[in-house]
2 protein chains.
Amino acid sequence: MSVTLADVAKATGLSASTVSRALSDPDKVNPSTRERVRKIARDMGYVPNLLARSLTAGRNDIVGLIVPDIANPFFPPIIKAVQARATSKGKTVLIADVDEHPADELHRARVMRKRVDGLIVVSPRTPDDQLAALAELRPIVFVNRELPGTASVIIENSDGMREAVEHLTALGHRRIGYLNGPRRSWSNIQRQNAVRQACADQGAELVEFGPFEPQIQAGVRAADLVHASGMTAVIAYDDMIALGLMARLNERGIRVGPDISVIGIDDSPMSGMAYPTLTSIHVPGAEAGAAAVDIVLDLADAPDDAPPPVRQLETRLIVRGSTSPVPG
Amino acid sequence: MSVTLADVAKATGLSASTVSRALSDPDKVNPSTRERVRKIARDMGYVPNLLARSLTAGRNDIVGLIVPDIANPFFPPIIKAVQARATSKGKTVLIADVDEHPADELHRARVMRKRVDGLIVVSPRTPDDQLAALAELRPIVFVNRELPGTASVIIENSDGMREAVEHLTALGHRRIGYLNGPRRSWSNIQRQNAVRQACADQGAELVEFGPFEPQIQAGVRAADLVHASGMTAVIAYDDMIALGLMARLNERGIRVGPDISVIGIDDSPMSGMAYPTLTSIHVPGAEAGAAAVDIVLDLADAPDDAPPPVRQLETRLIVRGSTSPVPG
DNA sequence: CTGAAAGCGCTTACAG
DNA sequence: CTGAAAGCGCTTACAG
């Protein structure tokens with residue numbers, strides 16, 4: 001097998017304690033023995049078993065991050081932000097992608113639990129009846145889902161949605177479609193409520209479609225429904241759906257913008273690359289990721305009875321080429 | 001702190017051994033005591049410390065996956081394939097994204113090493129002088145990079161590249177641009193060699209640009225260079241660069257297809273969504289991911305002196321809307 | 001079927 | 001500054 005601390009101890013003629021200190025807590029050992037130990041350890045090809053170290057030290061210097069779907073462009077910016085923040089605090093990030101299988105979340109979280117110092121779960125899809133079990137795996141913070149007694153970072157959809165609806169009504173649209181996201185998605189419920197409220201406030205008629213999965217193909221499928229319904233403007237649950245919608249409308253010769261206005265949500269990197277460029281509601285995913293790191297690491301050394309923090313972040317509309325005045 | 005095995009043992013009046021078996025190796029214990037133990041453990045909210053379990057059992061049931069950049073659409077299909085295969089073999093996948101910082105790869109691999117049963121490193125960017133150290137963290141398999149004595153899955157670029165160049169020359173193009181990827185990228189060297197060979201074989205003139213990072217913005221930047229050079233056809237290191245190139249050309253009123261032909265590499269999901277749709281060389285990332293899982297898990301229980309397997313996979317051209325006959 | 005003991009590979013008070 | 005000892009929370013031969 002591989003070289004252990006005991007092997008190095010034997011080779012140096014010192015105790016395991018001293019070797020351990022020379023490697024992990026250098027100040028506590030005589031400089032000359034320290035260097036001797038380190039050299040011998042290196043020569044022997046000693047690589048500390050970080051599992052064992054974590055078990056005794058009770059620390060991993062790792063943050064665990066669980067996301068629903070790494071392929072959804074909404075998540076990479078969050079992941080990058082989590083990594084940037086965690087790195088700046090000396091932690092490594094390990095990611096689990098549950099591939100939109102909500103039932104797996106709890107299992108993955110348990111697998112990670114002791115291997116990390118804290119868990120960030122983005123948009124937990126975990127069914128309600130298991131959510132409490134997930135929340136127990138503290139330190140843990142939810143992004144985009146609230147549970148009493150659990151730390152969370154919440155992105156408030158209402159401002160951005162209000163701006164989107166105002167933008168459309170200002171362009172003359174009176175009938176607005178909303179493409180629902182996944183049926184049980186917490187985010188979709190938030191967005192659905194927000195669009196209903198905003199349309200009611202603006203006196204616009206709202207027609208809902210879906211639910212749709214947050215994938216391009218779902219948007220492609222939505223396109224024909226939307227067009228058949230005669231909507232002049234539509235807001236999609238997310239950019240993936242909006243992009244699929246646009247692709248299919250393009251294909252059918254329906255001009256996005258002039259013929260039908262489309263608004264996405266997430267302001268993902270692709271929204272500026274699409275044709276036409278996609279008007280989208282910016283969701284501060286990066287800020288949310290950074291905030292989640294701060295919270296979960298604070299939690300790690302907070303007393304158990306401290307009230308778990310809840311941070312709120314706002315959204316706003318980014319206008320691009322896919323929205324135009326109502327045709328005719 | 002949390003409930004330990006010893007706590008449960010005390011509560012049941014049994015030894016830790018029996019409790020351990022009741023939970024992890026149920027067949028070795030009397031059914032009635034087994035159920036009693038399990039019930040009490042559940043009631044006490046016992047959650048086994050998987051770190052400790054892994055340390056003694058020497059198994060994690062986890063596969064570690066290291067990728068250069070999760071936001072690059074080339075990687076998610078590989079990740080998904082790795083997960084699908086690993087799941088079917090009862091393993092969980094933990095992902096590390098090194099965010100295009102090659103120097104971090106070795107460190108991340110070490111952090112993961114004992115927490116997983118095997119490591120898959122996709123497109124290792126690790127500098128040559130550290131690569132051997134990385135390769136020592138066995139069981140490990142590289143995807144898209146070769147190192148003697150190390151298991152790997154290699155995607156052979158030459159077939160797809162030859163098809164791409166043939167396609168362009170058949171359309172009448174005589175001067176073909178190639179947008180290089182990152183300078184030290186192993187993949188770029190492979191692709192560069194392949195395009196040089198293919199152009200030489202077809203008697204086409206090759207003009208190289210770059211290096212460019214595999215990002216949309218780099219493609220945007222490349223667009224003006226390419227257009228100024230008078231190329232009628234260009235092959236990009238990857239789809240990201242190709243998409244950025246197309247976006248900028250669109251913006252300048254240069255029609256991709258009729259005015260200039262563009263070919264990407266990777267056949268990422270977005271290539272079918274772009275405007276126009278992007279002709280691209282399909283790279284069998286999913287197959288590579290699945291193969292890597294098979295190899296790394298085999299390695300885990302292979303004798304140390306077994307020759308590490310090397311698997312080769314082929315590429316092919318997918319023709320879409322971004323390539324047309326040479327103008328004029 | 002169950003238990004006592006040793007051990008996985010480290011770290012960390014506690015002495016000296 | 002260094003070492004002996006106990007311990008982190010489990011698992012697993014070995015006895016019985």
Side-chain angles (χ1 to χ4, degrees), chain A residues 1-38 40-42 44-62 110-117 137 300, chain B residues 1-38 40-42 44-62 110-117 137 300:
Chain A
M1 291 300 296
S2 33
V3 185
T4 72
L5 191 73
D7 297 332
V8 180
K10 196 168 303 171
T12 56
L14 293 163
S15 71
S17 323
T18 302
V19 174
S20 171
R21 289 192 200 98
L23 266 19
S24 316
D25 207 350
D27 291 341
K28 295 195 175 162
V29 86
N30 180 306
S32 78
T33 57
R34 179 207 308 157
E35 291 317 318
R36 195 166 68 85
V37 169
R38 299 198 139 200
I40 292 179
R42 200 177 319 116
M44 296 177 73
Y46 172 67
V47 178
N49 182 329
L50 299 189
L51 246 192
R53 177 176 289 177
S54 288
L55 184 62
T56 52
R59 268 186 29 210
N60 294 280
D61 290 329
I62 298 179
R110 286 193 168 136
V111 168
M112 295 187 103
R113 180 62 195 85
K114 288 292 177 179
R115 292 176 168 84
V116 303
D117 295 331
L137 269 25
Chain B
M1 294 299 296
S2 34
V3 185
T4 73
L5 190 74
D7 296 332
V8 178
K10 196 169 304 169
T12 56
L14 293 162
S15 73
S17 323
T18 302
V19 174
S20 171
R21 289 193 200 98
L23 267 19
S24 315
D25 207 349
D27 292 340
K28 294 196 175 160
V29 86
N30 179 306
S32 78
T33 57
R34 179 207 310 158
E35 291 317 316
R36 195 166 69 84
V37 169
R38 300 199 140 200
I40 293 179
R42 200 177 320 117
M44 295 176 73
Y46 172 68
V47 178
N49 182 329
L50 299 188
L51 246 192
R53 178 176 290 179
S54 289
L55 183 61
T56 53
R59 270 186 28 211
N60 295 281
D61 291 328
I62 298 179
R110 286 194 167 135
V111 168
M112 294 187 105
R113 180 62 195 85
K114 287 293 178 179
R115 292 175 168 84
V116 303
D117 296 331
L137 269 24

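Below, chain A is the first sequence line, B the second, and so on; all start at residue 1.
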Can you name the nearest heavy-atom pair linking B:Ala22 to B:Arg34, along with the distance? O-CG, 3.9 Å

Rounded distance (Å) that lies between atom C1' of D:dT12 and atom CG of B:Asp27: 16 Å

Length of the line joining A:Lys114:NZ and C:dC10:P, which is rounded to integer Å: 20 Å

Here the distance between atom P of C:dT11 and atom CG of A:Leu23, to the nearest Å, is 8 Å

Could you walk me through whether B:Tyr46 and B:Leu23 pass side chain to side chain contact (heavy atoms under 4.5 Å, CB included), step by step? CA-CA 11 Å; B:Tyr46 172 68; B:Leu23 267 19; 3.5 Å; yes

Once salt bridge (Lys or Arg N to Asp or Glu O under 4.0 Å) is applied, do any residues pair with B:Lys10, and if so which ones, sequence neighbours excluded? none

A correct dot-bracket answer for DNA chain D, with pairs being Watson-Crick or G-U at under 3.5 Å, [ ] for crossing pairs and | for inter-strand pairs, is |||.||||||||.|||

What's the CG-C1' distance between A:Asn49 and C:dC8, to the nearest Å? 8 Å

Should A:Thr56 be listed as having a side-chain N or O under 4.0 Å from OP1 or OP2 of D:dG7? no

Rounded to whole angstroms, how far apart are CG on B:Asp25 and P on D:dT12? 7 Å

Sorted by chain and number, sequence neighbours left out, side-chain hydrogen bond (donor to acceptor under 3.5 Å, both in side chains) with A:Ser17 holds for none

Side chain of A:Pro31 only, please: which of D:dC1, C:dC1, C:dT2 is the nearest? D:dC1

By salt bridge (Lys or Arg N to Asp or Glu O under 4.0 Å), B:Asp7 pairs with (sequence neighbours left out) none

Under a 4.0 Å heavy-atom cutoff, the residues of residues 4-18 of chain A touching DNA chain C are A:Thr4, A:Leu5, A:Ser17

Indicate whether OP1 or OP2 belonging to D:dC1 is found under 4.0 Å from a side-chain N or O atom of A:Thr33. no

What's the CZ-P distance between B:Arg110 and C:dC10, to the nearest Å? 14 Å

With B:Ser20 via side-chain hydrogen bond (donor to acceptor under 3.5 Å, both in side chains) - residues at least two apart: none

Quick one: does any side-chain atom of A:Asp25 pair with a main-chain N or O of A:Lys28 as donor and acceptor, under 3.5 Å? no

Roughly, in whole Å, what's the span from CD in A:Glu35 to P in D:dC1? 13 Å

Distance col, row A:Leu55:CG vs A:Asn60:CG, nearest 0.5 angstrom, shows 9.5 Å

Separation of C:dT11 P from A:Leu55 CG (nearest whole Å): 11 Å

Are B:Thr12 and B:Thr18 packed together at the side-chain level, in the sense that at least one heavy-atom pair is separated by less than 4.5 angstrom? no

